[in-house]
Amino acid sequence: MSKQRIFELIRKEEAALFVGAGMSLYAGYPSGAKLAEILFNNLTSDLQEQVDFTTNLPKLAEDIYYLKGGNKNYLIENLKNEFQKEPISTETHQLLAKIPQIKTIITTNYDTLFETTNKSIEVIRKSSDCATTNSKKQCLFKIHGDLSDTSNIILTNSDYNNYFIKDSEKSIFWNTVKTKLVENHIIFIGYALEDSNVLTTIGKILDELGDHRKEMFFVAPSIQPAKLKFLQQKGIEFIQAKAEDLFKEIDEDLKFNYLPGLNKGIGTADTAFNFAKSNNLSIEIGQFNNAITINNAKALKGENHNEVKFKVEFPEGKKDKIMDSIYGKDFEDVVLEGHLIKEYSLFMNGIRLKSEDDIKKIELKKVPAIHGEFEIVFEDGFELEKIEINIFVASPKQDEAYLKIMLLDFTLLVKMKFDLDSKMSTFKIEIISNENISSVKNGLNFYNMLSRIVSNIKFDLIKENKL
């Protein structure tokens, strides 16, 4: 149920992500503990002897900082070596870039995976960035800075203490972050509770938000029982999942539920346009009863692939007739009134556009097996040009076939019965004229053609210069 709650909050555009290093592991970037190991191993052997190794990254970085005479150059160079290299994969971040329903992302990561996979994202690193932010776009708050401004990177214990204790915490930047945290439900993802700085950050957020906080979720592949108790005591719900898997599930849920939810008042027009565009769709929207409706959709590139799925409760005694028509045993169109439709989904290119709430009725129209403009040339020289012909086919039984041929203001119903043993066939032809014949010429041409066919005069049927 917790995952379903996350899906619901994201559809409502009420969830913010708080992202840690674990979400970048798949791209080949190190976790906090691994980065600590890298920083230690890259020291010369004599310096290694002067530092007690620990996977507590801020503490180790602090020791190295002082060991280097209060100079961060060594730390920054190692960060550049690790986070400016090409990622192994960006698949998950590319997927996240297609989810405009998540308006706010807050990260402690130094890498640029979010920015490089989403060119329209607003990146906010400091107070001056807040003034130029487009609130309608997805916003990325890099609260530990990044390599574009190394002077503001938060890495050592002192950096953390200064960030949370001194005046920088009261800056426009941090107040903006706090506002986002108050306004949204928070999903922590990519963090390990073994990192002391993570516990500090969560504790600080809880203290700041107090009773105003909304729901919080902590997503991780696994967790120790003691840490689970910690989350439970803090009122944070644990969800066991990998980041990559969770975002795939979120993507699937949005493709199925977001656009149909618009007519229930869930979602916004701007987000709907962006979501459709990120999934190769162009949509036209309208408004009905204060809700957004999808009026039309088409693929931005390539072909439109439409799919309709529905479940029907058949009226008493009519199921067989309806199913015979659906399976092509007669020529009748099928009309299903809205009260019979229990489930309905209209998909385009894998995105569900509508659900059963939008449907007054379904009409299944029979499509001709052969249709278009034809030239008919008989072997005695009689010919007709640009004759529109529609031929429908029905197979009520294995040894029967029906044709409905519509041309020149007339309909021919041809019923064929086959004797499978003797390979003989019998035909019954019924001719039905339209209520009004559009011209005498049409009537004469029809009977000239019909008299030749029943006289066994052969003919060629030609469409677009092809026999």
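Numbers here simply count residues along the sequence, with the first being 1.
- No hydrogens or angles considered: a donor-acceptor pair under 3.5 Å links the side chains of Asn118 and Ser120.
- There is a side-chain donor-acceptor pair under 3.5 Å between Asp149 and Ser151.
- Here the side chain of Asp253 pairs no donor or acceptor atom with the backbone of Glu249 at under 3.5 angstrom.
- A donor-acceptor distance shorter than 3.5 angstrom exists from the side chain of Gln240 to the backbone of Pro221, with no hydrogens or angles considered.
- Atoms CG and CZ, on Asn78 and Phe40 in that order, are 13.0 Å from each other to the nearest 0.5 Å.
- More than 12 non-hydrogen atoms from other residues, nucleotides or ligands lie less than 6.0 angstrom from CD of Glu363.
- Taking the six-membered ring where the residue is Trp, the centroids of Phe114 and His93 are separated by under 6.0 Å.
- A salt bridge is defined here as a Lys NZ or Arg NE, NH1 or NH2 lying under 4.0 Å from an Asp or Glu carboxylate O, and Arg5 with Glu8 meets this definition.
- The pair Lys248-Glu244 does not meet the salt-bridge criterion, since no charged nitrogen lies less than 4.0 angstrom from a carboxylate oxygen.
- Surrounding CG of Asn41 are more than 12 heavy atoms belonging to other residues, nucleotides or ligands, all under 6.0 Å away.
- Using modelled atom types and a 3.5 Å distance limit, the side chains of Asp129 and Ser127 yield no donor-acceptor pair.
- Checking Glu237 against Ser2 by side-chain atom types alone, a donor-acceptor pair falls below 3.5 Å.
- When side chains are defined from C-beta on, Leu262 does not count as touching Thr293, because their heavy atoms never get closer than 4.5 Å.
- Side-chain atoms of His185 come within 3.5 Å of backbone N or O of Glu215 as a donor-acceptor pair.
- A salt bridge links Lys72 with Asp159: at least one charged nitrogen is closer than 4.0 Å to a carboxylate oxygen.
- Atom NZ of Lys342 sits in a crowded spot, with more than 12 heavy atoms from other residues, nucleotides or ligands closer than 6.0 Å.
- Between Asp251 and Lys98, no side-chain nitrogen of the basic residue sits less than 4.0 Å from a carboxylate oxygen of the acidic one, so the salt-bridge criterion is not met.
- At distances below 3.5 Å, not a single donor-acceptor pair connects side-chain atoms of Asp324 with backbone N or O atoms of Lys329.
- Of all non-hydrogen atoms in Ile124 and Cys139, the two that sit nearest each other are CD1-CB, 4.1 Å.
- Using modelled atom types, one side-chain atom of Gln138 and one backbone atom of Ile102 make a donor-acceptor pair closer than 3.5 Å.
- Counting non-hydrogen atoms of neighbouring residues, nucleotides and ligands closer than 6.0 angstrom, the NZ atom of Lys234 reaches no more than 12 such neighbours.
- Side chain of Ser31 to main chain of Lys34: a donor-acceptor pair is present (N/O by atom type, distance under 3.5 Å, no hydrogens or angles).
- Under a cutoff of 6.0 Å and an axis angle of 45°, Arg352 and Phe256 form a cation-pi pair.
- Contact check for Ile6 versus Phe217: side-chain heavy atoms found under the 4.5 Å cut-off.
- No donor-acceptor pair closer than 3.5 Å links the side chain of Tyr66 to the backbone N or O of Ala61.
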Listed pairs under 3.5 Å, donor-acceptor, residues 298-322 side chains, sequence neighbours left out:
| unit_1 | atom_1 | unit_2 | atom_2 | d |
| --- | --- | --- | --- | --- |
| Asn304 | OD1 | Ala299 | N | 2.5 |

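- In this structure, Lys366 fails the cation-pi test against Phe392, since its NZ or CZ atom is not both closer than 6.0 Å to the six-membered ring centre and inside 45 degrees of the ring normal.
- Side-chain atoms of Lys463 come within 3.5 Å of backbone N or O of His371 as a donor-acceptor pair.
- There is no side-chain donor-acceptor pair under 3.5 Å between Tyr110 and Gln84.
- Residues Leu140 and Ile121 approach most closely at CB-CD1, 3.7 Å, considering heavy atoms.
- In this structure, a donor-acceptor pair under 3.5 Å is absent between the side chains of Asn274 and Thr271.
- For Phe83 and Tyr29, the ring centers sit closer than 6.0 Å to each other.
- Thr108 and Tyr191 form a side-chain donor-acceptor contact under 3.5 Å, judged by distance and modelled atom types alone.
- Crowding of Lys242 atom NZ: a count of heavy atoms from other residues, nucleotides or ligands under 6.0 Å not exceeding 12.
- A side-chain donor-acceptor contact under 3.5 Å links Asp146 and Ser148.
- Between the side chain of Lys277 and the backbone N or O of Ala272, no donor-acceptor pair lies under 3.5 Å.
- In the model, Glu62 has a side-chain atom that pairs as donor or acceptor with a side-chain atom of Ser158 under 3.5 Å.
- Within the 3.5 Å criterion, the main-chain N or O of Ser355 finds no donor-acceptor partner in the side chain of Glu343.
- The two residues Leu95 and Ile99 come nearest to each other via the heavy atoms O-CG1, 3.5 Å.
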